[in-house]
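Step one of this worksheet: look at the structure below.
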Amino acid sequence: MTGGIEIHHLCKAYAGAPAVDGVSLQIAPQELFVIVGESGCGKSTLLRLIAGLEVPDRGTIRLHGEMVAGDGVMVSPEGRGTGFVFQSYALWPHMSVRDNVAFPLEATGMPRRAAAAAAEPHLDTVSLRHLAERKPDALSGGQRQRVALARCLAGGAGTILMDEPLANLDPHLRATMERELLAFHRSSGATTIYITHDQREAMALADRMAVMRNGSFLQVGTPQEVYDRPQSREVAEFIGQGTVVPVQYADHTAQLDGVSFPVEAMAGQAPGAAMAILRPEAIEILAEGDTKGLAGTVRETFYRGGGWERSSSLRADQS
Ligand code: ADP
Ligand code: MG
């Protein structure tokens, strides 16, 4: 593979404690790849290694076919053609929106007026042309993040790394920004790695995603593969909502508390004791005394707007 991002057995420890612990990964050119995991699992360290802000202990990184770290090579951050978008906006406070976006062009030696003119289409992409004269402190959080995105576009980065860029925004704005990020990704043509601790955001944005824990990947796949076919209990419990229950499995049927259910099994699942994930959308509540289903108790309900969330227990749990 010549394009995209190729990572081979990457390791980085701090004072002997592994932060990134044997990550291997291939990302196709122009793919939007999302890494999701709890705080402290090593996501930012992995991005900083790719950006060239950290030196790996072991392993290699290739960006668009070029070895940038490992095997005795360490290309500087400026030499990697990567754009970085952080959770904090990292804009120049004394510069207008336009000048912030033009900055990467000026930094390459383009004259000021030409850089300002070249910034215009990128301001259009993020719908900020009408605010081009403003300073960052006169913008909302979402607008500031859009300036950071436009600046990334202006820099012409072939690789864009985003570290929880929406984490500081309120929920309503986040949904809008998710759509803008997808549009941004498509117009940039860049290979993008996007990091988040929010699995809902990960599934909404990703072409493919990785679930990260303790410095390594538990599973890599499309959002649907990861949701529908979690390869481990950890992934099943982290992605989406649901309950993992012990069942007896045979021939596409699971026995739970004496009741048989048709299930989608993992390829090669052997008959016998197994784990199944119950997803809330797959559960239907029957009338009391109906013997087709499992007996259970609804303990609490939460109104979530448009639907109720139930906290329940199966009878079998209580015996
Ligand atoms: P995440 O972004 O997933 O929250 P990080 O990559 O920031 O996780 O951190 C992974 C682990 O490495 C954490 O235990 C963190 O404390 C540690 N770590 C990160 N950066 C440093 C550093 N510069 N020095 C020492 N420890 C660090
Ligand atoms: Mg982080």
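Just so you know, ligand 1 is whichever comes first in the structure, and atom 1 is the first atom listed for that ligand.
Per-residue contacts place S44 under 4.0 angstrom from the following atoms of ligand 1 (heavy atoms of the residue considered): 1 (P), 2 (O), 6 (O), 7 (O). Listed by atom number, the atoms of ligand 1 under 4.0 Å from S39 heavy atoms are 4 (O).
In this structure, the protein non-hydrogen atom closest to atom 8 (O) of ligand 1 is G42 N, 3.2 Å. Shortest contact from atom 5 (P) of ligand 1 to any protein heavy atom: T45 OG1, 3.6 Å. For atom 12 (O) of ligand 1, the closest non-hydrogen atom of the protein is A19 CB, 3.4 Å. Scanning all protein heavy atoms for the shortest distance to atom 19 (C) of ligand 1 gives Y14 CE1, 3.4 Å. For atom 13 (C) of ligand 1, the closest non-hydrogen atom on the protein side is G40 O, 3.9 Å.
Judged by distance alone, the side chain of R144 and the main-chain N or O of P136 form a donor-acceptor pair under 3.5 Å. Between the Q143 side chain and the L128 main chain, no donor and acceptor come within less than 3.5 Å of each other. Counting only distance, with no hydrogens or angles, the side chain of T196 and the backbone of E164 share no donor-acceptor pair below 3.5 Å.
For atom 23 (N) of ligand 1, a protein non-hydrogen atom is found at a distance below 4.0 Å.
Each of Q26, H185, R208 was evaluated against E31; a single residue qualifies, R208, per the side chain to side chain donor-acceptor pair (under 3.5 Å) test.
With salt bridges taken as basic N to acidic carboxylate O contacts below 4.0 Å, none links D228 and R279.
Remark: ligand 1 and E54 share no N or O pair separated by less than 3.5 Å (distance only, no angle test).
Among the atoms of S39, no N, O or S atom is found under 2.8 Å from the Mg ion (ligand 2).
Interatomic distance, CG of L205 versus OG1 of T192, reported as 10.5 Å (0.5 Å rounding). Separation of atoms CG (D163) and CD1 (I195) is listed at 5.0 Å; rounding is to 0.5 Å.
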